[in-house]
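Working notes for the structure below.
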There are 2 protein chains.
Amino acid sequence: MEKTDDVRQNARPVPPSDAMDRKLLAELVEDATLSYAELGKKVGLSAPAAHERVKRLRQRGAIRRVAALIDPQATDKTLLAFVHIDTAGWGKTTALMAIRRFPEVEEIHSVTGDACMLLKVRTDGAHALEQLLGHLYATPGVKATRSYVVLSTYLERPVQAEKTEDWPPFDVPA
Amino acid sequence: MEKTDDVRQNARPVPPSDAMDRKLLAELVEDATLSYAELGKKVGLSAPAAHERVKRLRQRGAIRRVAALIDPQATDKTLLAFVHIDTAGWGKTTALMAIRRFPEVEEIHSVTGDACMLLKVRTDGAHALEQLLGHLYATPGVKATRSYVVLSTYLERPVQAEKTEDWPPFDVPA
DNA sequence: GTTGAAATTCTACAGAG
DNA sequence: CTCTGTAGAATTTCAAC
């Protein structure tokens with residue numbers, strides 16, 4: 001009947017998240033191959049209703065895209081590293097941004113702390129990382145880099161839909 | 001007719017990558033909603049051929065899963081940070097691993113360098129990050145943490161299928 | 001938002017190059 | 001190993017409640 005009596009949906013920078021959308025997103029993050037019938041059953045919705053909401057989530061940009069997550073080893077990306085970069089000045093990032101043309105570069109962030117830029121890179125061995133670092137040092141404005149080579153990855157997952165609302169007290173873990 | 005007369009499929013630790021598989025993986029990383037007909041057309045294969053190869057890629061584990069990539073803001077994850085952790089000793093990571101129960105934690109790696117562990121976390125603001133850090137400090141073995149808060153993300157993408165085979169000389173970028 | 005049915009699409013299986 | 005063509009099955013999508 002009513003699409004929804006919540007008008008916030010049209011408030012442009014709207015966070016597209018009510019309880020049901022969260023559940024849908026959580027399922028789709030885990031497995032985006034589900035049919036709308038299966039998806040609906042998991043969250044307690046009919047197929048057409050699930051389809052309608054997912055379509056909206058896509059339109060709003062909440063779902064950016066659906067991607068196959070591949071094993072890095074399948075494409076010979078055996079070495080994962082985080083590279084901290086110290087630059088001279090700030091605006092000079094445009095030259096640095098050129099390294100995104102290398103598929104080995106997965107993330108580029110500007111950060112607070114004792115580094116300016118932070119890269120996540122995945123190469124086929126140490127030599128390829130060296131080549132990449134060579135390009136970094138050849139980039140105008142790059143003063144120094146510090147690399148953190150990953151020994152083991154214990155967890156690596158895409159952005160989760162769930163959020164911890166009520167944080168438990170500190171002395172709980174272990 | 002023949003499922004396949006290629007026995008290599010059973011050669012266990014096979015790197016699943018020939019030229020065509022790479023192209024398929026590259027397309028599926030970009031958009032996994034393509035039909036086998038569309039996918040085949042993009043890489044120069046018929047639908048059944050594309051289907052057969054993709055099925056193999058899934059069996060081999062080259063394709064781990066198909067996931068919806070969502071906008072962090074859609075689920076109120078406005079703050080991204082990388083947390084370096086210094087621990088006392090190494091094996092004590094089991095207690096630390098408990099923090100994976102928080103959906104805010106996206107990655108956990110052990111790394112070389114001046115830190116032992118590296119976390120990628122995405123929280124709803126600074127307070128939630130503080131809560132998370134509180135749990136970290138309350139974890140046995142955690143000596144200190146250094147957080148790098150992300151100001152801007154210029155690039156963030158899943159593992160790419162392509163690989164740079166021939167690295168260009170250093171003085172090319174800019 | 002739900003149910004039911006029609007239309008379209010895709011998947012899977014033949015045989016042939 | 002790949003292509004064309006077909007049959008089957010699943011989905012998406014539209015209708016009405």
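Predicted model only: the values in this text are computed from it and were never measured. Below, chains carry the letters A, B, ... as their sequence lines are ordered, and counting in each starts from 1.
- Within residues 26-38 of chain B, no residue places a heavy atom under 4.0 Å from DNA chain D.
- Which of D:dC1, D:dT4, C:dT2 sits closest to the side chain of B:Ser46 comes down to D:dT4.
- Around the NZ atom of B:Lys163, the shell of radius 6.0 Å holds more than 12 heavy atoms that belong to other residues, nucleotides or ligands.
- Distance from the side chain of A:Pro48 is smallest to D:dC14 among D:dC14, D:dC3, D:dC1.
- Taking the side chain of A:His51 as heavy atoms from C-beta on, and the options D:dT13, C:dT3, C:dA12, the nearest nucleotide is D:dT13.
- A:Arg53 and A:Asp21 are joined by a salt bridge, as a carboxylate oxygen and a charged side-chain nitrogen come within less than 4.0 angstrom of each other.
- Following rounding to the nearest Å, A:Glu52 (CD) and C:dT3 (P) show an atom-to-atom distance of 17 Å.
- Applying the ring-ring contact (aromatic ring centres under 6.0 Å, His included) rule to B:His51 yields the partners B:Tyr36; only residues at least two apart in sequence or on another chain are considered.
- Rounding to the nearest 0.5 angstrom, the gap separating the CD atom in A:Glu52 from the CG atom in A:Leu57 is 10.5 Å.
- In this structure, A:Lys55 places its NZ atom 12 Å from P of D:dT12, rounding to the nearest Å.
- Side-chain nitrogen and oxygen atoms of A:Arg53 include at least one within less than 4.0 Å of the OP1 or OP2 phosphate oxygen of C:dG1.
- The NZ atom of A:Lys41 sits 16 Å away from the C1' atom of C:dT3 (whole-angstrom rounding).
- No donor-acceptor pair closer than 3.5 Å links the side chain of B:Lys42 to the backbone N or O of B:Leu24.
- Taking the six-membered ring where tryptophan is involved, the planes of B:Trp167 and A:His135 are tilted, since the angle between them lies from 30° to 60°.
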